[in-house]
Structures are given as structure tokens and as C-alpha cells.
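Below: one structure, written as C-alpha cells.
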2 protein chains.
Amino acid sequence: MSLRHALLGVIKDTPLTGYDLVRHFQGTVGYLWSAPQSQIYPELRRMEAEGLVEAKVAPRGRRAQKRIYSVTEAGMAELRRWATDFVPLPAQRDPIMLKAAFFDLAPIESVREQLRAHIAQFQWRMEQWQAREDAIRERRAELVEVWLSRQPIEEHDNIIKFKIHALEGLIARARAEICWARNGLAVCDEIDARRASGSVASDDQAASAS
Amino acid sequence: MSLRHALLGVIKDTPLTGYDLVRHFQGTVGYLWSAPQSQIYPELRRMEAEGLVEAKVAPRGRRAQKRIYSVTEAGMAELRRWATDFVPLPAQRDPIMLKAAFFDLAPIESVREQLRAHIAQFQWRMEQWQAREDAIRERRAELVEVWLSRQPIEEHDNIIKFKIHALEGLIARARAEICWARNGLAVCDEIDARRASGSVASDDQAASAS
DNA sequence: GTAGTCATGTAAGAGGTTACATGATTAG
DNA sequence: CTAATCATGTAACCTCTTACATGACTAC
């Protein structure tokens, strides 16, 4: 049940409509927890029913309306409780590592392609996170700044340190993933080299391999 | 839909009952994909209905029976297809990193405890993985050995290389997690130090902090 | 008027968690 | 005979995914 905490974490700084929240989920907290629109709207309603957020209905044009959600005291309390309580590690479940353990069942060129795609994806994510980290460090991150403005000045550096620490964790992970995939490519090369030398030594290999 | 591939990956080497499969999921593939018993039984039935596995009903004692599942040709084909096809990265969704970004909402002692627990958990996992890797390297890993016995000898080293590569990936991740959490503890210390020096400078801090 | 964006939802289904339920068999 | 283990399931519930659906507003 982290979605609601991610949502609370965003609107505690800036009351938003569901629509805006959806967009904020691609660019801020979305780096940490992604959620589709179809999950956000009902969750907001549920949180409202439980008193964690409250909606101010605002007019939009003539007829239309919109609901601007903000966090209640109960919502802030829940957010603090969650930040304080211990949560166990999620179960081990990683489609890529599982597959990697069975790479010997795939043609080696496909393995290479998959590893290259892995590298590209994490390189992309890493750039995003790096940019976010820079923004926070240089005090250009709006959400964080709004939150800071409500906290005592002497705590600002401490808060920023935690935010950066979280992003550094993601970046370190991405680096590890890229490094791992590169090693995988090296393994592919070794295997190719060994197979080539093997089929030179005994020619019937090449026939059975084709 | 990785569960079925994890299951196929185990019983391709050794036909097993659902019960045995459940236990194997704590010790071999379980390092890569964990699943509760209540998920495994129905999945086996579904795979049987789809022709990916077949069950041989064997007697157990006098009255009782058991179903021993093995992979069909269609099952092996599906496993190979999955190993070959590209699968997109799962969505970003990590409860611990999300929380870490909001650690400033928790008392610092709780943050320390959570980071210490994080370290302990990954240290534990790392030992498991390391042991598994050693077992594979020293050719003591039963499942892998059975699979090797059906493959040409000159491919054995290649297959083992991939298995070890996958485990090395997990181990590298664990190392990164532990390193990250240690940095987090350092951040906590810095914050404590800064707060202490701050409250020496202005005494009213200490009062408001209690 | 029409295309794009603002705004809010619903519904079906897959996958996973937790808990409950049952009975045969084997070792002591 | 009794406890542990072998063996197989069901059911309720939650979360997330994918797709569909609708309508008002704004800029051109």
C-alpha cells in the first residue's frame, strides 16, 4: 500500500487535482513509484472516504468542476507513521534476473540484444534521476522547495540530504545494472570465442550446430 | 507471467510433484522468483490444461495418489520463446526508495533502525546467493547438474557461465544496497552532528526539539 | 468547427497475498 | 496413537494493467 503514501507525499506540498497528480507522477515521485491514471482517481476517492485527504470543489469554466485534493492532519499523521514504521523487503521477483539464469536456452544474439536493451533502459533512467538530483541540489525542484518553505531553515540541508540519498540509491542501482549487463556481453563474447575454437578443433561440431 | 517460466525452468530438469516444487522454490529458483504454495498448484493445473506440462499420476502408499509434473515439448518451446523474446522493464516501484525520499518525516533513530534492517536483510540474501554460486561453480548444484547431463559436454562451461552471471547480478545489487544503506547511516550522523552544533549556538532549539 | 488538452471516471482481468481446509502417510 | 510430513487444494482480497468511455473547455 505505497501508492497512497506516494500520493500523500506529493499533495502534502501542493494541493492538486487528480489530473495534475497524474502528470506529476511522470517527473517527480514517478521516479520512485509509477502509477497509471486509472489507479490514481479511485485511490484519491478512497483516501477521501478515509479522511486522509479532502477535496475542495472548484469551478472550471462555466459548467464544469474540478476537485482539488489536499492532505488532512490525519493524512500527515499516516504519512509520518508510514515513514517511521518498518516494512519488510518485497518478495524476490525479478523477471530479468530469472531470465538471465536461463539465457543458455536462447540464441546468443538474442541474449546480446536483450543485454544491450537493458543497458539502454537504465542509462535513460539514470539520466532522469541525475537530472532530478541536480535540480534538488541546485534548489530548482519546485515540490521540494515548497516543502522546505514550511520547514525551519536550519533543517533545509538535512531534508535535502535525504532526498539526494534516495536518488543516489537509484543511481547506484542503475550503475550496477549497466555494469552487470556489460559483463553479460563479455560472457557472450567468451562463449562465441570458445565455440569458434571448438569447431576448428573438431569439424563435425560445426555441422551439428547448424 | 514469469511464474510459469520459473516452474518450467525447474521441472525441465527434474519432474516433480507440486509439493516438491513448492519446496524447491525455497532454495533454487526461489532466489530469483518466489511464489507461495497457493499460487503454484493452480498454475500447474493451468499449464497442464494448456499442454505445457503433463502429470503422471503415481500411487502414494495404499489409497493416496500424487501428480508428478514434467515439461512437454510445447513447454520447452514456450520456455525457449520466453528466454529469447524481449520483455520490457517492470515499472518503477520500490517501497524502500520511496520511503527513503521521505525519511525527513521520521524520527532519525527510526531511520537508522530501518537502514540497519536493510543492511541485515541484504547481507542475509547475499550469503544465500553466494552459497548458491559456489555450489554451481563447484558442480554441487543438483538441478544444474541434471540439466548439464543432457547437454553436450563442450557447452557445460557456457551454461554455467550464464547461471553464475545471473547470481553475480543479484550479488552486485545486494552490495549496492548495503553500500547505499551505510551511506544513509552516515547521513544520519551528519544530521545529528549538525543539529547538536546548532542547538549549542541557539539554545531554544533543544527545547523545541524535545 | 475542430483539434488538443483538461478532467474524471469504469470495467475486466491478471497476478499475488493471506488464510483456511482436508486428508493420507510415515516415524516414533 | 500421535505428531510430523506429504500432498493438494479453495476463497477472499488487494494491487496493478489495459482498455474503454465521456464530456467540458480553450485556442485556432
task: Could you tell me whether the side chain of Arg81(B) and the main chain of Met76(B) form a donor-acceptor pair under 3.5 Å?
output: no

message: Please check: side-chain N/O of Thr72(A) versus main-chain N/O of Leu52(A), any donor-acceptor pairing under 3.5 Å?
response: yes

- request: Ignoring hydrogens and angles, answer whether the base of dT17(D) and the side-chain atoms of Gln39(A) contain a donor-acceptor pair closer than 3.5 Å.
  value: no

message: What I want to check is whether an N or O donor and acceptor connect the side chain of Thr17(A) with the base of dT8(C) at under 3.5 Å.
response: no

Between [atom2] of [N] and [atom1] of [X], the distance in whole Å:
X	N	atom1	atom2	result
Lys66(A)	dT5(C)	NZ	P	17 Å
Gln92(B)	dT17(D)	CD	P	12 Å
Gln65(B)	dT25(C)	CD	P	10 Å
Gln37(B)	dT18(C)	CD	P	13 Å
Glu43(B)	dT8(D)	CD	P	16 Å
His5(A)	dT15(D)	NE2	P	11 Å
Arg62(B)	dT25(C)	CZ	P	7 Å
Asp20(B)	dT5(D)	CG	C1'	12 Å

Between [X] and [Y] (salt bridge meaning N to carboxylate O under 4.0 Å), is one present in this structure?
X	Y	value
Glu109(B)	Arg116(B)	yes
Glu155(B)	Arg195(A)	yes
Lys66(A)	Asp20(A)	no

Between [options], spot the one nearest the side chain of [X], thanks.
X	options	answer
Tyr19(B)	dA19(C), dT25(C), dT8(D)	dT8(D)
Arg67(A)	dT5(D), dG9(C), dA24(C)	dG9(C)
Ala91(B)	dT10(D), dT17(D), dA7(C)	dT17(D)

So what does [X] touch, heavy atoms closer than 4.0 Å: a base, only the sugar-phosphate, or nothing?
X	result
Arg93(A)	sugar-phosphate
Arg60(A)	base
Arg23(A)	sugar-phosphate

query: More 5' along DNA chain D: Trp33(A) or Gly61(A), using each one's nearest nucleotide?
result: Trp33(A)

task: Could you check Met1(A) against Ser38(A) and say which one's nearest nucleotide on DNA chain D is further toward the 5' end?
output: Met1(A)

